[in-house]
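Below, chains carry the letters A, B, ... as their sequence lines are ordered, and counting in each starts from 1.
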4 protein chains.
Amino acid sequence: MARKPADQSVNRDEIIAAAADVLQRKGYDAATMKDIAAAVNLTAASLYHHFKNKDALFLAVLEAGLTFVLDQLEPIAACDLRPDDKLRRMIACHIVGVTNNRAVGAAMVFEIRALMTLPIGINESGELDGEILAARDAFFAQRDRFEALFRQVVGEGIDQGLFRPIDAAIYVKLLLGAQNWVGVWFKPDGRLGGDEIAASMADMLISGISI
Amino acid sequence: MARKPADQSVNRDEIIAAAADVLQRKGYDAATMKDIAAAVNLTAASLYHHFKNKDALFLAVLEAGLTFVLDQLEPIAACDLRPDDKLRRMIACHIVGVTNNRAVGAAMVFEIRALMTLPIGINESGELDGEILAARDAFFAQRDRFEALFRQVVGEGIDQGLFRPIDAAIYVKLLLGAQNWVGVWFKPDGRLGGDEIAASMADMLISGISI
Amino acid sequence: MARKPADQSVNRDEIIAAAADVLQRKGYDAATMKDIAAAVNLTAASLYHHFKNKDALFLAVLEAGLTFVLDQLEPIAACDLRPDDKLRRMIACHIVGVTNNRAVGAAMVFEIRALMTLPIGINESGELDGEILAARDAFFAQRDRFEALFRQVVGEGIDQGLFRPIDAAIYVKLLLGAQNWVGVWFKPDGRLGGDEIAASMADMLISGISI
Amino acid sequence: MARKPADQSVNRDEIIAAAADVLQRKGYDAATMKDIAAAVNLTAASLYHHFKNKDALFLAVLEAGLTFVLDQLEPIAACDLRPDDKLRRMIACHIVGVTNNRAVGAAMVFEIRALMTLPIGINESGELDGEILAARDAFFAQRDRFEALFRQVVGEGIDQGLFRPIDAAIYVKLLLGAQNWVGVWFKPDGRLGGDEIAASMADMLISGISI
DNA sequence: CATGAATGAGAGTTCATTCAT
DNA sequence: GATGAATGAACTCTCATTCAT
């Protein structure tokens, strides 16, 4: 991503793509504005024409990654398939997202702590920064929505007697952990591709609660 | 210079414990030597009497956490129980370790990328720092051992016809992801305790591959 | 952040000049980046926009000083004068350089050990830093050239029977010692000016080997 | 120097010898108390039982080096030889001192600037430290005496018509520069030994002013 | 839009020095 | 005497951010 040979002016999305890559490789603290700028042939100063500050850029990446997956998950959760089939597809969708899209990986795997720990949305004057706070809240809302989708489908499965009456909340945490973790160990040139891993894991994960 | 009559002198282990806490809360980059020092009522400079540098302290934490769990896992893996029972205990042991011991959480969840990315073990003279390199290698060896123990027990289960012939490597990644992830969302004052989460998850995870 | 409307932006050469002064007064270790920055009305952090690090700035000063003298010495050594006249001019040129140009003094007198001892050219990642290593090698090459010029002219004098057949290498070390040392004790407001000292010393030094 | 296998308690002179070595190798700023302590199998803290502080230790080294040479120079200057012979011996004595005795090298070559620049004798409270100031003044007095001895003998030579009526002060600066500089480039395993260099240089230096 | 220059804040690290043991 | 532990001060260097051009 962010191939952009140069010259042409750079747009928001290219920066987000580049930032996602840097972010997943280095993490929030180690990823510098200069790193990200270099990835799109800009100087760090120029990034501030596109994003208010590092937090804003950071949140834009997470939002992009989460939206990317969510946009695929929503229709699946809403469709007419059986809950176990829906869940299978959702799991695969998530895992493939993590392996194939840097922004998804960044949004899912690494930066949760940073988001919760960092004094994001508090500017240097100590005042709360409305825009950024709003973006952060929107991100958290999306995350909740994300998790809720899984819980909902699992709930449907339990209700329809397809799944055992397990603790859906815990099960979803388990799911997400296993799926997000793929972003930690997945190597593009490894033995298995993202879709194979997804299929394999979906099987094990769903068998675990199927009747 | 040299104030501090010192109510009670601080030792290595106390520092490691404090560092584990800070590390799990903030991550490697965001956790400063000052943070850690403050947690044991010292100045940052004083930490350098006990640890060569941040990397060394960091590795000591990870080593402590990993050893803590490994010391419990080894006997389980080696005992005479049925593979599924062994696996159940090992999963529980890991999860409870993550929820109850900050060093375990730090060792498991967060610092994988840092460990692999950071120029650990290269000192200021540009020479490889034997001590630290050795510690890092030891840590990686322990991690391999850790994962291998799970693979071994899963393999036994497959051999004995207790588990389906799944891809043990992928399954163990799934296990570890789900288990490590607990460190991300677990709250000591939450609805469920670590042991309850452990029991619940162990059930779902083992059912997933049981015949 | 980013105060300073800046009356007049500072350039590399001004920094080098200021650094030369601080360097000759305090020496490598005692001269801090803050000292140098203050001398050009900057903060220490700003220096890093112009020089990669202290070593790079340090080497730039030495290079400037050495080049300054060498550029004057080369034509003299190459001209058609008698060897003793050439040597006289070269000695004077060196001494006046030392007394009138801080960078020359710094390059000549103080920093030899530092240059040879310090882990210059090894960056924080432990990799050899090509740029800085090249600068250091260039400096040493220039120093060799510098000394070789004197040896050459002395050799010519011996060949032409103007000088006694002394050990030219030792004699040149003696020359350089006497000349460099002027940088240690010379005071701009002393009894004699740089040119007077130069004339006086050139006389004594050349008489010492003249037939 | 400072061979001391260990065990036995260490005395002032051994510390001074070790410090001289470290000092000449690293210079004042780079030589740490720990370095020096390690050379005599002590900890840095222990050095403070023997010397008030780094400055005091440092001055003791310089004093030792200077005294060592001065004790040899005084009798020569005072004896009945011809001025040119006395000067020859004094030059040789100085050069051999520099090449064979680390404390002499330290006292002569490197640390003059440090002595003049550093806020020696000013303790952290900003108060002048009498003891150290006295030591520093004594050192400077010795240095003056040192230089005066050379000037005196040169003066005798001029008076007796053996030397040209040159500017004795400048000539002595030249002498000292050439001689001290030997400490910069001398290598124990080089082509010439200290005594050979001394003989060669003495010849050139004295010829330079002989009638 | 883009950027070079500048900077405050802060991080890791070192070091001389002190003090209780 | 010797030392382990502790610390204030200082240093090099990095980084997010600003602003004039």
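Every salt bridge (Lys or Arg N to Asp or Glu O under 4.0 Å) that D:Asp35 has, sequence neighbours left out, goes to D:Lys26.
Look at CG on A:Asn11: it is 10 Å from P on E:dA2, rounded to the nearest Å. Atom NZ in A:Lys34 sits roughly 16 Å away from atom C1' in E:dA2 (whole-Å rounding). Going from atom CZ of A:Phe51 over to atom P of F:dT18 covers 16 Å, rounded to whole Å. Rounded to whole Å, the distance from CZ on C:Arg12 to C1' on E:dA5 is 15 Å. Computed from coordinates, the D:Ile36 CD1 to E:dC15 P distance equals 12 Å when rounded to whole Å. One can place CG of A:Leu47 at 13 Å from C1' of F:dC15, the figure rounded to the nearest angstrom. Nucleotide F:dT14 holds its C1' atom 18 Å from the CE atom of B:Met33, rounded to whole Å. Computed from coordinates, the C:Asp29 CG to E:dC15 P distance equals 10 Å when rounded to whole Å.
Relative to the side chain of C:Thr32, the nucleotides E:dA16, E:dG12, F:dC11 differ in distance, and F:dC11 lies closest. Side-chain proximity of A:Ala45 to F:dC19, E:dA2, F:dA2: nearest is F:dC19. In this structure, the nucleotide among F:dC13, F:dT7, E:dA2 sitting nearest to the side chain of A:Leu42 is E:dA2. Residue D:Thr43 places its side chain closer to F:dG4 than to any other of F:dT7, F:dT18, F:dG4.
The shortest heavy-atom contact between D:Ala20 and D:Ala106 is O-CB, 4.2 Å. Between A:Ala39 and A:Ala18, the shortest heavy-atom contact is CB-CB, 3.8 Å. Heavy-atom minimum distance, C:Phe139 versus C:Glu63: CD1-N, 4.1 Å.
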Per-nucleotide pairing state of DNA chain F [Watson-Crick or G-U, under 3.5 Å; [ ] pseudoknot-crossing; | other strand]: .||||||||||||||||||||
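For E:dT3, the OP1/OP2 oxygens have no side-chain nitrogen or oxygen of A:His49 closer than 4.0 Å. For the OP1/OP2 pair of F:dA6 and a distance below 4.0 Å, the side-chain nitrogens and oxygens of B:His50 include at least one atom meeting the criterion. The shortest distance between the side-chain N/O atoms of C:Ser46 and the OP1/OP2 oxygens of E:dA5 is not below 4.0 Å.
Residues B:Asp55 and B:Tyr28 have side chains in contact (heavy-atom distance under 4.5 Å, counting atoms from C-beta outward). Side chains of A:Asn11 and A:Glu14 form a contact here, defined as non-hydrogen atoms less than 4.5 Å apart. Between D:Leu57 and D:Lys52, the closest side-chain pair of non-hydrogen atoms is not below 4.5 Å.
C:Ala31 comes within 4.0 angstrom of sugar-phosphate atoms only, judged by non-hydrogen atoms across all strands, and of no base.
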